[in-house]
Each structure stands twice: as C-alpha cells, then as structure tokens.
Engineer: 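Please read through the structure below; I'll follow up with questions.
Hydrogens, waters and symmetry mates are skipped; everything else that's a heavy atom, side chains included, is used.
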Amino acid sequence: MPDEPPPPRGTAHSLNPEQRFAVEHMRGPLLVLAGAGSGKTRVLTMRVAHLIKVHGVLPDRILAATFTNKAAGEMRERIRTLLGHDPFGAWIGTFHSIGARILRRHAEQFGRSSRFTILDADDNLREVKRVMKARDVDTKLCGPSTVRRVMSDAKNRLISPSGFRQAHRGRFDLVHRTVIDIYPAYQRSLQRQDAFDFDDLLMKPVELFERDPDTLGLYQRRFEFLLVDEYQDTNRAQFRFLELVAAAHRNLMVVGDDDQSIYGWRGADIRNILDFEKTYPETRVVRLEENYRSTPTILGAANAAIRLNRDRKEKTLRTRRPDGWPIDIREFRTEAGEAGWVAQRVAGLIGSRKVHHYRDIAVLYRTNAQSRVLEDALRDLSIPYHIAGGLRFYERREIKDVLAYLRLLSNPRDDSAFRRAVNYPRRGVGARTLEWLGRQAEEENLGLLEAAVRAGPAGRISASAARGLRRFTALVARYSERACEVGVGVLIRELVGELDLLALLRSDGPEGMDRANNVNELVSGATQFDARDRDGGDEREGLTADHLTELDLFLQQAALFSELDRHDPDADLVTLMTVHNAKGLEFPCVFMTGLEDGLFPLSRSLDDRDSLEEERRLFYVGITRAEHRLSLSWAGSRMRAGRRMVGRCSRFVRAIPARLTRGDSIPDPGRRHSGWGSGGRRRGSSGWPARRGGRAGDTRQRDRAAPVGEEEMNQDLAPLTKGERVLHRTFGSGTVLGVSGYGRDVRVMVDFDSVGQRKLVARIARLERDVS
DNA sequence: GTCCAAACGTGGTCT
DNA sequence: ACGTTTGGAC
C-alpha cells in the first residue's frame, strides 16, 4: 500500500532497543518473546549476520531451526543479503530436515543405511494398518488412526516401545493394549524397510545423543550457536534435542510467542516456553511488543480476541501506525454466497487499484475442505489463485506412484514403495499374490522386491501374476543400472515414457489431464534439481556424509518438502490456505472465512478449555496476518461432511469490539435467523454494496440455488459421544452407549442409572451433558 | 485371482 | 464429497 510507511529494515540503527539487544546478544541463553509482526525474523537473521560479521563466528558453528522449509530458505536468503555472501556451512533448516541429516550420518547405528526412506503421513498410516492386519488386531474398536496418534504422541515425548509398555503396564483399555502390541512391531517393520517416519526424525537423533556421548560431543563442539524460530511450537523431543546440543556452550536463542502456539495437537508443549528460564536460569529475556505490520484497528481486534485466553503471558501489542480501515464483517446465507462475495471483493479491490497485486491478498479458512467453494468462485471471475498446502504436491497419487519407482531404486527394501509400484500400471498382481509374497519375504527376512526376484517360476501363484512380477522386477533391475548413469530428471523422463504414464493418465477424463500435467511438472522439477543446493555446505570434523546419489537426495527432499515451500513469491496470485499454513506470513489484505461456531472454533474444541484456547490462538494468528485490510465472514448454512449444517456467527468474531468494525448482513429472503440470539451482528443498513448491484444479484441467485436439505444439523453442538454422562429430565443421569442417525433423527442409546437402557430420539429427549 | 462397481464409513489443523 | 472396503462378474 502506497500510503503506509515502510517498516524499518536493513541496518542496525533501524532497530528498536529490544530488537537491538537481541541482535547484539553474544553468549548465553536468550528468550525472545516476540509478538506477531514484531520483526522476529529480522532479529534472527540480523543476529546471525552480526555473529558472523562482527564477532567473526564461522558460519559452520551456527545451527538455525525453523518450522517450514520456506522459512528456512527465506532466512538463508536474508542472511546472504546482509552478509553479501552465503553463510556457507551454516545449518539452516526445519527440525525434521536437520534430524534427517544427522540420521543420514549415523544410520548404521539404527540398522539403517544412509539412503533410508522417509515415510510421509500417508505411508505411515498404511504401514500401521498393515502391521495391525498382520497381527490380526481388530480395527473395529481401535482403528489405525488412533493407534498412529498414540504412537506419534509417544514418540514426540521420547517414549520408546519398551518405555510405552512399562508406562502402561497395568492398563486394560483397548487402545493402550493395542499400542503396546503394535508399536514395537511397527518399529521393527520400519527398520526392515530401511525407513523412518516423521516422528523418528526428531526422536532418533535424541536417542543417538543420549546413548553415544562421543557423537553428541561432535555436534556440541560444532554448533556453538543455536537459534530457534517459532519456539512455541516445539515439542518435548525438540526441546531435548536443543538441550543436549546446547549443553556445552549454552548459546541458545529461542524466539516464540505463546499466543501463537497452534500445534498442541501435534505434541507442541507450551511448557517449553514457560520452563525455558528454569532450565537456563541465566536466561536473558527480551520482549518485542511493538508491531510493525498491522493497523491499530487490526491489532485492536487481535488483542481483544486473545485477551480472553486465561493461559498466557500477559502482553499487548502496540503500533505507531495510523488508523486503518475498519474490519469488514459479513454474514451470508450459504458458503457459496460467502465465496462469491470474496471473489467479487477481490476483483473490486484490484479493479479499483486499492490493492495492487493479487499476491497481496490471502483467503484463509479453518479446514482444507473449505477451499473448494472459494476456488469455484474465484475461477468464475477468472481471478488467478493458488492453494498453499492443501493436498501437497508430493502427496498426490500420480506423483507418489512415480516416486514409488524411484524409491525402490534408491532403497530396494522399501516395501510400501513396492506395493504401490508393482501393480501400477496394472500387471495382474493382486492382493492374493502380494499376500503370498509377503509371507515369503517374512520367512526369509527379505524385502518384497527381493522376494519377488527370487519367486522365479514359483508354483503357488497364477501364471499371469508370476509373469507380472517378472516384468516388474526386470524393469526395476534395468532402471537401477540406469540410475547410476543419468540424473534424476532423465531417469524420471525415461521411466514415465516407458510406462506410457501420460497417455494412461490422459485417457481417464479431465482429472487425468491435471494428473498428467502434475507428472510433467515432476519431470521438469527433477530436471532442475541440483543436489549441491540442497545439502548446503561443507563438512568437517568427521561429520562427512555417506556417499549419496542425486536420486537419494532428491527423494529425501521430496519427503520433507511441502506445497508451501514450492510457492513462487513472484507469481501474482491470490493465496488460499488454512490458517495454520498462514503462520509466519503477512498480506496487505486478508479474508478470513467460515467464522461459525463449530467450524472456527471447531465443535470438538467447544467443551474443552485448552483446545478452545488453541482455536482462539489460531484465530489470533489469522487476524495478525493482515497488514491493512481484514474481512471476517461467515455463512448461516454450509455443506459439511456431505450434509448441510446450520451455523451461527463465531464467538471469536463476536468478541471484537463494534467500534473496530463495519459490517452488514445481506438481506435474507428465505429464512429467519431469529433464534440465533446474540449471534448475528446486524449493524449497518441494506448490506450489499450498492455499486455492484448486478453482481450481487448473481451471488444471491447462487445463494438461493443451494439446496437446503431437511437434515440440518447444528454444527456448533458437539455431538454426544459414547461413554459420555448425560442428564435426562425424568430418567436422571446415565451413560451414552451409542449414537446413530443424523440431523433430526439422531438416536442415542443410554444406560440410565435408574431405569437401565433406553433408546431415545435426541431431538425430543433433550439430553444435557452431566457435568457433576 | 483380478478387476470393477457399488456400498460403506468417515471427515482437523502438518513436518 | 471423498477414499477405502466389499460383492459379484469375468
């Protein structure tokens, strides 16, 4: 925006006293409590530059950990600019990539090779499923995703399989008994496959350091200065990692904001911030409370929202900027109406030059599923956009299919890759054959590929299956040799050509065209891939990496890269993304959508103070992404999970003081919202921007066209769940045994203390939660 | 045994 | 609206 003063940048004299203190801090632990938009990235990068330039610290003494590759890349780039050259040898990356890099060097200690595979979330779940099936665990009562979650929690708290067994020895509940059984089997299976999952990348290096002080010593001596961004989102494993590496020199700088802690569900532990000073009593604490990003109006809203949280360090962001536009609050009848308005508003802002570039605009939402309507609306008006995050590029089916072949070339023991590639394209190798192969592999302790190679003419499978296996293993053998001769780009191109994948994909519909394009993009990405770029820097002090091929490195970065990292900042596109993905970013103009109780905050958080507070922090993160313009919108009715849900204005929106807002409701031809109590805010008059009457008409038509089914559910009511205690007017209290049906037909089976089991229609029985 | 189509269940945020 | 599991045809 032309009418705003640029934030101070660049040299040390543009820093405020607190920032300067942090930048010039030399030795000892430093905790920087940095509010949103207070210039923490600047402080981090300038401190690194300062250490190198002023104190003569060698770059390879520095380790900086961030949460996304994008943040790491930006940090490196900015340091490069400040120094005038690359901080060659410094490790700047995500905790996960740093962990992977360490593990690569010490893989043999874990029975892995340095070419180990990194399983992504999808592979990880499949593997849990497979292990459970192989051990005949009933997945009806305790599903794979539950098991995975519990295992992941354990790993994030550095609890090994045997530790888990001991910790839950006396427990009888099914989930813990299942995990006691599955966790060690799952870990054995990963080892057999020469693989780690995401959580291992954090946990295993800690394990290594704790059992091998010599190795730890290598890293302690090398990394004299540690810097951590987004510290509020670190988990226990990450805390321990830092504690171990920093133990010798204690030059640990962490930057975080407890108000922006939004990854509790992933094991982030707020105690890491709160206990920092306990672990390091000599800590210097710096608070950055001046915001250089947003207008006072936007900050006022953010402060008003976050103030309602009880669990937080008291602070208030200040700014010296001039007042800005009021926050625009809009109510819509349906999600399509909301999306239509957002698209029109984007077109209007760009058309009137109030916002100069599409890339200055972000549209945020709570769940990925919400992106669809917004995409449709933007496409209708030919507004260029991209989705950051969402279905990540490397997680698309067609991409994973191609990568599966490469993974198998790089790591012949990668069974998940084998399963994926062997019958794609169809080779007549079905479930039965795979089952048989699995048993063979198990007996001889081989990978599936090896087992398939040895299967030869074997008797117990059909001739066509045997032929398919032979064709497949021959192909893999051929490309294994080829992989030594050519780069990844050529390799993929030849493979895709031989499998005739593009034609295969294109042959099934318009979806297939997209997929074919993605594969093409993968080919060109691989062609440009330059391994030297990735492992940033030289190696000393016996920390030399094993020899890895370009293919190995390509695969490792593919596993750790997300869609967010691929984003090209020069492209002029509106950004659509979840609020989680928006963390750390800023935009002149932000739309937050879907602000309904039950969606944002999600219904599952409504009856738990901790998770409601996390939702509120997420809301705070969303608001504080905006520099000048912020709009908050919600829809009274929304398709969700295949059903139309009724919603009302989010409590978060209602917490924003009216003096900061300008909002109107659109006229409502079809329905009354009278029952929504304090819900809607209806200030202002007629609502729709008069100038754009024609387009408004379009949207309302779309609005009306959306069918409103009978089976509406109130999305802000957390549904009753099994095991919950409830209260009935005549039967007294009881325990919920089960819930069936949807919407107005939800039936609940309750075991009442007084009268035993009854099946009730929830709508009529009016059950209440028993809080006593 | 493999493949396709229809029923089924399930649905939060991410490295 | 989606992917995964299940049933039936080849």
Engineer: Round to a whole Å and report the spacing from CG of A:L437 to P of B:dG1.
Structural biologist: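 Going from A:L437 (CG) to B:dG1 (P), I get 14 Å.
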Engineer: Identify every side-chain donor-acceptor pair in residues 147-154 of chain A under 3.5 Å, counting partners at least two apart or on other chains, and give the distances.
Structural biologist:
residue, atom, partner, partner atom, Å
A:R148, NH1, A:A121, O, 3.0
A:S152, OG, A:D199, OD2, 2.9

Engineer: Return whichever of A:R432 or A:L202 has its heavy-atom-nearest nucleotide of DNA chain B closer to the 5' end.
Structural biologist: A:R432
Engineer: Kindly say if A:S97 contacts the phosphate of B:dT15, meaning a side-chain N or O under 4.0 Å from OP1 or OP2.
Structural biologist: no
Engineer: What class does the angle between the rings of A:F652 and A:F600 fall in, given that below 30° is parallel, 30 to 60° is tilted and above 60° is perpendicular?
Structural biologist: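 Rings of A:F652 and A:F600: perpendicular, as their planes differ by over 60°.
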Engineer: Please name all residues satisfying salt bridge (Lys or Arg N to Asp or Glu O under 4.0 Å) with A:R407, sequence neighbours left out, ordered by chain then number.
Structural biologist: A:D123, A:D414
Engineer: Using a heavy-atom cut-off of under 4.0 Å over every strand shown, decide if A:R266 touches base, sugar-phosphate, or nothing.
Structural biologist: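 Base, at least one base heavy atom under 4.0 Å.
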Engineer: What are the atom names and distances for every N/O pair under 3.5 Å that joins the protein to nucleotides 6-10 of chain C?
Structural biologist:
none

Engineer: Mind checking whether A:F591 and A:L374 have side chains closer than 4.5 Å, heavy atoms only?
Structural biologist: no
Engineer: Could you walk me through whether A:R157 and A:N235 pass the side chain to side chain donor-acceptor pair (under 3.5 Å) test, one step at a time?
Structural biologist: CA-CA 7 Å; A:R157 299 201 314 262; A:N235 61 35; over 6 Å; no
Engineer: Have a look at A:A465 and say if it touches a base, only the backbone sugar-phosphate, or nothing, with a 4.0 Å heavy-atom cut-off.
Structural biologist: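 Sugar-phosphate contact only - A:A465 comes under 4.0 Å of backbone atoms but never of a base.
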Engineer: Expressed in angstrom and rounded to an integer, what is the separation of A:E395 atom CD from C:dG3 atom C1'?
Structural biologist: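 It is 15 Å, rounded to the nearest whole Å.
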Engineer: Can you check the A:D197 CG to B:dC14 P distance for me, whole Å?
Structural biologist: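 Result: 18 Å.
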Engineer: Can A:Y263 be called stacked on B:dT13 when the rule is centres closer than 5.5 Å and an angle between planes below 30°?
Structural biologist: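 Given the distance and angle limits, no, they do not stack.
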Engineer: Please confirm whether any donor atom in the side chain of A:R366 sits under 3.5 Å from an acceptor in the base of B:dG12, or the reverse.
Structural biologist: yes
Engineer: Under 4.0 Å between a side-chain N or O of A:N368 and OP1 or OP2 of B:dC14?
Structural biologist: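 Yes.
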Engineer: Provide, to the nearest angstrom, the distance between the CG atom belonging to A:L125 and the P atom belonging to B:dT10.
Structural biologist: 13 Å
Engineer: Below 4.0 angstrom from OP1 or OP2 of C:dC2, is there any side-chain N or O of A:R372?
Structural biologist: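 So the side chain of A:R372 is within the cut-off, an N or O lying under 4.0 Å from OP1 or OP2 of C:dC2.
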Engineer: Go through the structure and list residues passing side chain to side chain donor-acceptor pair (under 3.5 Å) with A:D500, not counting sequence neighbours.
Structural biologist: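 Side chain to side chain donor-acceptor pair (under 3.5 Å) list for A:D500, sorted by chain: empty.
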Engineer: For A:Q238 and B:dT15, what is the distance between atoms CD and C1' respectively, to the nearest whole Å?
Structural biologist: 9 Å
Engineer: Check this for me, if you would: do A:D257 and A:K40 make a salt bridge, where the nitrogen-to-carboxylate-oxygen distance has to be below 4.0 angstrom?
Structural biologist: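 The answer is no: the pair does not qualify as a salt bridge.
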Engineer: Round to the nearest Å and state the distance from A:K129 atom NZ to B:dT10 atom P.
Structural biologist: 11 Å
Engineer: Can you tell me how far CD1 of A:I273 sits from CD of A:Q232, rounded to the nearest 0.5 angstrom?
Structural biologist: 5.5 Å
Engineer: If you find the nucleotide of DNA chain B closest to A:F198 and the one closest to A:A431, which residue's nucleotide is nearer the 5' end?
Structural biologist: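 Result of the comparison: A:A431.
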Engineer: Could you write out each protein N or O paired with an N or O of nucleotides 3-8 of chain B at a distance under 3.5 Å?
Structural biologist:
residue, atom, partner, partner atom, Å
B:dC3, OP2, A:N423, ND2, 3.3
B:dC4, OP2, A:R426, NH1, 3.1

Engineer: For the CZ atom on A:R467, are there more than 12 heavy atoms of other groups (residues, nucleotides or ligands in this structure) within a distance under 6.0 Å?
Structural biologist: no
Engineer: Take the protein atom CZ of A:R640 and the nucleotide atom P of C:dA1, then report the distance between them rounded to whole Å.
Structural biologist: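 It works out to 15 Å between those atoms.
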Engineer: Which part of the nucleic acid does A:E615 contact within heavy-atom distance under 4.0 Å: base, sugar-phosphate only, or nothing?
Structural biologist: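 Base contact - A:E615 has a heavy atom under 4.0 Å of at least one base atom.
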Engineer: Is the phosphate of B:dT2 approached by A:T433 (side-chain N or O, under 4.0 Å from OP1 or OP2)?
Structural biologist: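 For B:dT2, OP1 or OP2 has a side-chain N or O of A:T433 closer than 4.0 Å.
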Engineer: Between atom CD in A:E596 and atom C1' in B:dG12, what is the gap in whole Å?
Structural biologist: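 After rounding, the gap between these two atoms is 15 Å.
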Engineer: Among residues at least two apart in sequence or on other chains, which ones pass salt bridge (Lys or Arg N to Asp or Glu O under 4.0 Å) with A:R439?
Structural biologist: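 Partners of A:R439 under the salt bridge (Lys or Arg N to Asp or Glu O under 4.0 Å) test: A:E435.
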Engineer: Picking from B:dT13, B:dG12, C:dT4, which would you name as closest to the side chain of A:R126?
Structural biologist: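 The closest nucleotide is C:dT4.
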